[in-house]
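What follows is one structure encoded as structure tokens, with my remarks underneath.
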Amino acid sequence: MKITMIGSGYVGLVSGACFADFGHDVVCVDKDAAKIAALEAGRMPIYEPGLADLVAANVEAGRLSFTTDLAAGVAGADAVFIAVGTPSRRGDGHADLTFVFDASREIAAAATGKTVVVTKSTVPVGTGDKVEAILRETNANAEFAVVSNPEFLREGAAIGDFKRPDRIVIGTDDSAAQDVMREIYRPLYLNNSPILFTGRRTAELIKYAANAFLAAKITFINELADLSEKVGADVKDVSRGIGLDNRIGSKFLHAGPGYGGSCFPKDTLALLRTAEEHDSPLSIVSATVDANDRRKVAMGHKIIAAMGGDVKGKRIALLGLTFKPNTDDMRDAPSLSIVPVLAEAGADIRAFDPEGMETAKAMLDGIDYRASAQAAVEGADAVVLVTEWDVFRALDPRKLAAAMRGKLLIDLRNVYNPVEVERAGLIYHGIGRGAPAGA
């Protein structure tokens, strides 16, 4: 089938490359001429493991191409996917749908014959209705079917998530559009990936509900981590103890410095705005957002407390800056809240991140960026693990101890074994790993 992907960012590029790998003819459209030129030259606009090779293979096979010409890309397409950004609108937290609506108008002007228009972007409930109205108002002579097909991709594991999904959600009541979507996803259906057909508004809500639930799960275990420290429990064992219950599950029960990234922060806010508009409060989601915002700032103060309450002039090495490993994404990363707290307290901050430093430099002041983990920890009074990249998991505590001036290792991801760290002569501070009460 011929598929057009409007937007060549994270979702559009990964989805387009994977569809092409299924054997479809895919063209990715973007208004950013520099981005398209880079893609044509084999340079990726984002860091995602395996993406460059996947794109190169499908370009070479003639199944994947890139263009700035939306009209040419849309003409004759069996399905046109909208995969543009929907960032939080400044001031009120609503999803900014400007790019979605602009793309809809351009699609309508270029469409020929019956066109299936698929919203892949994360959009509030009812957006598909508005897209359909725009399409019909812009081109009353064309025939359109609007489908909601939300993505459930994790940054750093997006290709695997796309090719081996837990489910594929398709929101439409149009039988012809359902047939088109079945054919597009036929390779996954043959691999027994469940396809859930729903109403369009239901599909839109499923996406937000899923992200809000996961954000709440993360926040729940983070708050239990704080309690664990107070009562002398180990949150890692608590997580395992409740995660083995198959009604709960172990995923997203890893205590840390708070969630960030391109999805959870903006999607929880957008869902809250939708709930307010319909006078249907979501108190659990609201509490999740507030608790997560507080937590990221609290991590900065936790570091200061572990260092005796005064970090002025002390050298702190931060390992990792991105919101999670295997991505260069800095959006709403915990480091964005931690660094200002430490800088204001007068700390000498050094940092290393395998992929995120160029992005971080535009967002964080007061950091001495280093070319390696070893260079960052040299002479440090304290080392803080912020993002659990594999390269940091493999660090030898004995070599850390030898390189440091101080002896404090603050593990915000509970990656290290406290016994091994202390055997190396370091003092270990984790998350939710309290000493027994009275000890």
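- For Asn211 (side chain) and Asp267 (main-chain N/O), no donor-acceptor pair under 3.5 Å exists by modelled atom type.
- Judged by distance alone, the side chains of Asn326 and Trp389 never bring a donor and an acceptor atom under 3.5 Å apart.
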* To do: Tell me, with the steps shown, if Val123 and Lys207 meet side chain to side chain contact (heavy atoms under 4.5 Å, CB included).
  => CA-CA 9 Å; Val123 295; Lys207 169 63 176 180; over 6 Å; no
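- At least one side-chain heavy atom of Ser228 sits under 4.5 Å from a side-chain heavy atom of Val238.
- Using a cutoff of 4.0 Å between basic side-chain nitrogens and carboxylate oxygens, Asp129 and Arg200 are scored as salt-bridged.
- Between the side chains of Lys266 and Thr86, at least one donor-acceptor pair of N or O atoms lies under 3.5 Å.
- In this structure, Lys312 does not pair ionically with Asp310, as no charged nitrogen and carboxylate oxygen lie closer than 4.0 Å.
- Within the 3.5 Å criterion, the main-chain N or O of Pro325 finds no donor-acceptor partner in the side chain of Thr322.
- Not a single donor-acceptor pair under 3.5 Å links the side chain of Lys296 to the backbone N or O of Leu336.
- Rounded to the nearest 0.5 angstrom, Ile170 CD1 and Thr202 OG1 are separated by 14.0 Å.
- Under the 3.5 Å distance criterion, the side-chain polar atoms of Lys314 are left unmatched by any main-chain donor or acceptor of Ala382.
- The pair Glu276-Arg273 meets the salt-bridge criterion, with a side-chain N (NZ, NE, NH1 or NH2) lying under 4.0 Å from an Asp/Glu carboxylate O.
- Rounding to the nearest 0.5 Å places CD1 of Ile367 at 5.5 Å from CG of Leu321.
- A salt bridge does not link Arg315 with Asp381: every distance from a Lys NZ or Arg NE/NH1/NH2 to an Asp or Glu carboxylate oxygen is 4.0 Å or more.
- Atom NZ of Lys31 sits in a sparse spot, with 12 or fewer heavy atoms from other residues, nucleotides or ligands closer than 6.0 Å.
- A cation-pi arrangement is found for Lys361 relative to Tyr369, the charged atom lying closer than 6.0 Å to the ring centre and inside a 45° cone about the ring normal.
- Electrostatic pairing of Arg90 and Asp96 does not count as a salt bridge here, judged by no charged N lying under 4.0 Å from a carboxylate O.
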* Asked: Which is it for Phe81 and Phe19 under the ring-ring contact (aromatic ring centres under 6.0 Å, His included) test, yes or no, and what are the steps along the way?
  -> CA-CA 11 Å; Phe81 284 75; Phe19 279 141; 5.2 Å; yes
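- Under the 4.5 Å side-chain criterion, counting only non-hydrogen atoms from C-beta, Leu412 is not in contact with Leu385.
- Between Ile427 and His429 there is a side-chain heavy-atom pair separated by less than 4.5 Å.
- Under the 4.0 Å criterion applied to side-chain N and carboxylate O atoms, Asp237 and Arg240 are not assigned as salt-bridge partners.
- Note that CG of Asp290 is 15.0 Å distant from CZ of Arg295, once rounded to the nearest 0.5 Å.
- One distance of note links OG of Ser148 with CZ of Arg201; it measures 11.5 Å at 0.5 Å rounding.
- Taking both residues in full, the closest heavy atoms of Ala225 and Ile431 are given as CB-CG2, 3.7 Å, listed atom of the first, atom of the second, then distance.
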* Asked: So Val55 and Val59, side chain to side chain contact (heavy atoms under 4.5 Å, CB included) or not? Walk me through it.
  -> CA-CA 6 Å; Val55 168; Val59 168; 4.0 Å; yes
* Tell me, with the steps shown, if Phe152 and Phe162 meet ring-ring contact (aromatic ring centres under 6.0 Å, His included). => CA-CA 8 Å; Phe152 301 98; Phe162 196 99; over 10 Å; no
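- Of the possible donor and acceptor atoms, one in the side chain of Glu229 sits under 3.5 Å from a partner among the backbone N and O of Gly432.
- Side-chain contact, Asn149 with Tyr185: a donor N or O sits under 3.5 Å from an acceptor N or O.
- Expressed to the nearest 0.5 Å, how far CD1 of Ile338 lies from CG of Leu364 amounts to 10.0 Å.
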* Go through the steps to decide whether Glu40 and Lys35 satisfy the test salt bridge (Lys or Arg N to Asp or Glu O under 4.0 Å), and finish with yes or no. => CA-CA 9 Å; Glu40 289 179 329; Lys35 180 189 290 185; over 6 Å; no
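- A donor and an acceptor atom, one from each side chain of Asp174 and Thr172, are nowhere located under 3.5 Å apart.
- Heavy atoms from other residues, nucleotides or ligands lying under 6.0 Å from CD1 of Ile284 number 12 at most.
- For Arg413 and Asp411, the salt-bridge test fails: no basic side-chain N is under 4.0 Å from an acidic carboxylate O.
- Distance alone, capped at 3.5 Å, places no donor-acceptor pair between the Glu48 side chain and the Val14 backbone.
- The heavy-atom pair separating Leu70 from Ile107 by the smallest distance is CD2-N, 4.0 Å.
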* Chi angles and distances behind the side chain to side chain contact (heavy atoms under 4.5 Å, CB included) call for Asn417, Val421 -> CA-CA 6 Å; Asn417 184 319; Val421 170; 5.9 Å; no
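- Counting all heavy atoms, side chain and backbone alike, Ser8 lies closest to Asp30 at N-OD2, 3.0 Å.
- Residue Glu344 qualifies as open at atom CD: its count of foreign heavy atoms under 6.0 Å is 12 or below.
- Glu151 contributes no side-chain N or O that, together with a main-chain N or O of Val11, makes up a donor-acceptor pair within less than 3.5 Å.
- Using modelled atom types, one finds a donor on one side chain and an acceptor on the other under 3.5 Å when comparing Glu155 with Ser262.
- The backbone N or O of Ile82 sits less than 3.5 Å from a side-chain atom of Ser121, completing a donor-acceptor pair.
- Atom CZ of Arg154 has 12 or fewer heavy atoms from other residues, nucleotides or ligands within 6.0 Å.
- Under the 3.5 Å distance criterion, the side-chain polar atoms of Ser239 are matched with a main-chain donor or acceptor of Leu253.
- Contact check for Arg182 versus Ile168: no side-chain heavy atoms found under the 4.5 Å cut-off.
- Heavy atoms only, all atoms of each residue included: His94 and Glu277 are closest at CE1-OE2, 2.7 Å.
- For the pair Asn292 (side chain) and Gly258 (backbone), a donor-acceptor distance under 3.5 Å is absent.
- A salt bridge is defined here as a Lys NZ or Arg NE, NH1 or NH2 lying under 4.0 Å from an Asp or Glu carboxylate O, and Glu422 with Lys407 fails to meet this definition.
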* Chi angles and distances behind the side chain to side chain contact (heavy atoms under 4.5 Å, CB included) call for Asp332, Phe323 -> CA-CA 7 Å; Asp332 283 290; Phe323 88 95; over 6 Å; no
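- For the pair Leu13 and Met44, the minimum side-chain heavy-atom distance is below 4.5 Å.
- Between Asp329 and Lys324, no side-chain nitrogen of the basic residue sits less than 4.0 Å from a carboxylate oxygen of the acidic one, so the salt-bridge criterion is not met.
- In this structure, Phe66 and Val29 have side chains that are not in contact, with every pair of non-hydrogen atoms separated by 4.5 Å or more.
- Across every non-hydrogen atom of Ser15 and Lys120, the tightest pair is OG-CE, 3.9 Å.
- In this structure the side chain of Met5 never reaches within 4.5 angstrom of the side chain of Val27, judged on heavy atoms.
- With rounding to the nearest 0.5 Å, the separation of NE2 in His24 from CG in Asn58 is 11.5 Å.
- Between Leu395 and Leu319, the closest side-chain pair of non-hydrogen atoms falls below 4.5 Å.
- A cation-pi geometry, defined here as NZ or CZ lying under 6.0 Å from the six-membered ring centre and within 45° of its normal, does not hold between Arg393 and Tyr416.
- Across all non-hydrogen atoms, the minimal contact from Ala403 to Gln374 is CB-NE2, 3.5 Å.
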